[in-house]
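Read through the structure below, which is laid out as structure tokens, and then see the notes.
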Amino acid sequence: MAVAEALRFPEVRNYIKGKFVDSNEAKIDVISPLDGSVISKVPISGYDTLDKAVQSAKAAFPAWSAMPIKERVQILFNYLNLLHKYREELTELIHLENGKIRSEAVAEVDKAIELTEFAVSLPQIIPGEILEVSKGVDCKTERIALGVVASITPFNFPCMVPNWTIPNIIALGNCMILKPSEHVPLTANRLAEILTEAGLPPGVFNVVNGTRDVVEAICDHPDIRAVSFVGSTKVAKIVYRRATGNLKRCLALGGAKNHLLVLPDAQVEMTASNIAASMSGCAGQRCMAASAMVGIGNVDHIIAKVCEEARKIVPGDNLGSVISREAKERIERYITEAEKAGAKILIDGRNPTVKGAEGGFYVGPTVIDFVKPDMAIAQEEVFGPVLAIMRTNTLDEAIAIENNSPYGNAAAVFTQSGGLAKYVTEKASAGMIGVNIGVPVPREPFSFGGWNESRFGAGDITGKSSIEFWTQMKKTTIKWNPEARTNWMS
Ligand code: NAD
């Protein structure tokens, strides 16, 4: 039997000018991390294919940007309805190509729906301002689309992260290229079909697949005006430097190491269940995951409860797989190194057995106590269902550990004291802070984005802040009374 016939899904094709197009570029396997099987193949495209997509977006831009925003969002209303209609199908695709459990996959689709709800509300949010600035002279501001823009996305949210950008970019009148992660191209392609079914004109939305070459081509292409990137800090730095070096606007979100500061007075059940859910949700592959807990004083009773909660998390049941064999090996290496460096493993998730999914890439929930701040597991992003617990005597020592991290996506505090909670929210060096919440994700209309090495560029990627990123402001000054005297500025 030919290889193509054995694949669960047809080979992925790039989506350019409203059509899926064949490519003679090299292809790599798309592997389901649930069982290690090859489910499709994805082209590794380069500059020439990207250029075709850019030309299609460029050709679509004049008509699309000239359409009033209230008309453009009618298509997004259709898209919103279709996301509801295909909710189950998208859930299954995400589950298969990413490995997260179905309840997490469906939450991603629901989040894409919420993001689109924000985008359809943009006509109510973006009206400019007008003011009579001197007698008979008005100044007016408007938000104008940039042109062709690109969005580069990671593997961990195949539906949500592309939808951080797609609805806002196109509602605001831009045309775009999506470069999804090569690990999860199937959901992105399905989104292209859904946008077409919603009535989006050809060329407004294009998908070009690939890895490093196409990302570099995006940073270099002279007709791309702005680039958003979501992924690891290592690549975020490369993309930010290269795109801005080519005089593009760039917003590059990177990795994270999120600290949960736990005080002895914290409410035990709530704190433990929040911590266990935060460290293990999406198998720890969330940029908002709690990967480091800092216990202040005696929090043994809370750690015991965290372990009780973590023991209820079962790989293959309520815990999905990690994305690849390499990811599994990396995560397990961090655990082994921490053990060798003297940390105490309370729950060991290395090499779990998952009946019926022996080829899957699973790591069980892992809780490690007495981690020292200078250990790799305390400093680096592990991106697996692993909680590293550090202990301090004082709150200020705990805050110093959080502040010393090069990252700054999220931080949270668990306490029943309002004063201490406020102190931590003021001192923590992170863009998203939680009080008694393990995953402090701001929801629309608030904006998502970290600080420090978790985000390069100004502003945030979602919500109101993203409007600034995807548009430029035009200021028009109109003199209605030509007989009026000129003054020094007119
Ligand atoms: P990644 O950096 O490996 O890949 C992200 C994108 O960059 C992919 O599309 C990939 O094809 C491309 N890419 C990979 N290597 C490249 C290179 N050398 N040059 C140019 N492009 C390259 O990230 P990932 O493994 O897909 O995703 C996980 C990472 O994303 C984690 O670090 C996680 O914290 C981060 N993340 C951050 C946020 C946030 O909001 N800050 C959100 C989600 C994920």
Side-chain angles (χ1 to χ4, degrees), residues 256-281 284 288-313 334-335 337-349 364-380 382 384-405 407-408 410-430 432-440:
K257 187 84 200 169
N258 306 313
H259 296 79
L260 302 185
L261 276 50
V262 180
L263 286 138
D265 74 332
Q267 209 277 331
V268 181
E269 278 76 23
M270 178 275 292
T271 302
S273 61
N274 266 262
I275 293 173
S278 180
M279 66 83 123
S280 67
M288 295 295 279
S291 58
M293 168 181 157
V294 190
I296 298 125
N298 187 352
V299 291
D300 288 352
H301 56 301
I302 298 174
I303 292 171
K305 193 73 184 167
V306 169
C307 290
E308 197 183 312
E309 291 294 325
R311 285 197 185 90
K312 297 179 195 161
I313 299 166
Y334 272 112
I335 302 169
E337 280 171 14
E339 188 177 34
K340 278 194 196 145
K344 186 176 174 195
I345 312 240
L346 302 180
I347 300 181
D348 190 349
T366 300
V367 180
I368 311 177
D369 202 355
F370 300 108
V371 168
K372 297 280 174 254
D374 60 353
M375 292 180 186
I377 202 162
Q379 297 190 348
E380 296 168 18
V382 176
V386 179
L387 182 70
I389 303 176
M390 288 168 270
R391 310 270 197 145
T392 66
N393 292 319
T394 68
L395 183 55
D396 283 333
E397 282 172 75
I399 290 170
I401 290 173
E402 192 281 332
N403 286 181
N404 283 338
S405 170
Y407 298 106
V413 57
F414 287 85
T415 179
Q416 296 191 58
S417 156
L420 292 178
K422 185 159 191 301
Y423 186 71
V424 175
T425 63
E426 286 168 3
K427 298 279 178 192
S429 177
M432 294 172 281
I433 311 288
V435 175
N436 293 328
I437 184 164
V439 187

Closest contact, heavy atoms only, [X] versus [Y]:
X: Q267; Y: T271; value: O-OG1, 2.6 Å
X: A310; Y: V367; value: CB-CG2, 4.0 Å
X: I302; Y: A272; value: O-CB, 4.4 Å
X: A276; Y: I313; value: O-CD1, 4.0 Å
X: G438; Y: S278; value: O-OG, 2.9 Å
X: M279; Y: A290; value: CB-O, 3.2 Å

Measure the [atom1]-[atom2] distance between [X] and [Y] for me, rounded to the nearest 0.5 Å.
X: I368; Y: I377; atom1: CD1; atom2: CD1; answer: 3.5 Å
X: S291; Y: L260; atom1: OG; atom2: CG; answer: 8.5 Å
X: I389; Y: I303; atom1: CD1; atom2: CD1; answer: 4.0 Å
X: F414; Y: L263; atom1: CZ; atom2: CG; answer: 11.0 Å
X: M288; Y: I437; atom1: CE; atom2: CD1; answer: 9.0 Å

Please identify each residue that fulfils side chain to side chain donor-acceptor pair (under 3.5 Å) with [X], with sequence neighbours left out.
X: Q416; result: none
X: D265; result: T415
X: E337; result: none
X: E269; result: none

Any [X] side-chain heavy atom under 4.5 Å of [Y] side chain:
X: D396; Y: K427; answer: no
X: V299; Y: M293; answer: yes
X: K422; Y: V413; answer: no
X: V386; Y: Y334; answer: no

Can you list the steps and then say if N274 with N436 is a side-chain contact (heavy atoms from CB on, under 4.5 Å)? CA-CA 8 Å; N274 266 262; N436 293 328; over 6 Å; no
Under the side-chain contact (heavy atoms from CB on, under 4.5 Å) test, which residues partner [X], sequence neighbours left out?
X: N403; answer: I399, S429
X: P373; answer: M390, I401
X: S405; answer: K257, H259, Y407
X: D374; answer: K372, Q379

State which residues pass salt bridge (charged side-chain N to carboxylate O under 4.0 Å, His left out) with D348; sequence neighbours excluded, sorted by chain then number. R350
Within the distance-only criterion (no hydrogens, no angle test), does the side chain of T394 pair as donor or acceptor with the backbone N or O of T392 below 3.5 angstrom? no
For side-chain contact (heavy atoms from CB on, under 4.5 Å), just list the numbers for L346 and C307, CA-CA rounded to whole Å, side-chain angles, deciding distance to a tenth of an Å, and then say yes or no. CA-CA 7 Å; L346 302 180; C307 290; 3.8 Å; yes
Within residues 301-311 or reaching into it, pairs that qualify as side chain to side chain donor-acceptor pair (under 3.5 Å) - sequence neighbours excluded: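 Only K305-E308, E309-K312 qualify under side chain to side chain donor-acceptor pair (under 3.5 Å).
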Passes side-chain contact (heavy atoms from CB on, under 4.5 Å), I296 versus E397? Steps please. CA-CA 9 Å; I296 298 125; E397 282 172 75; over 6 Å; no
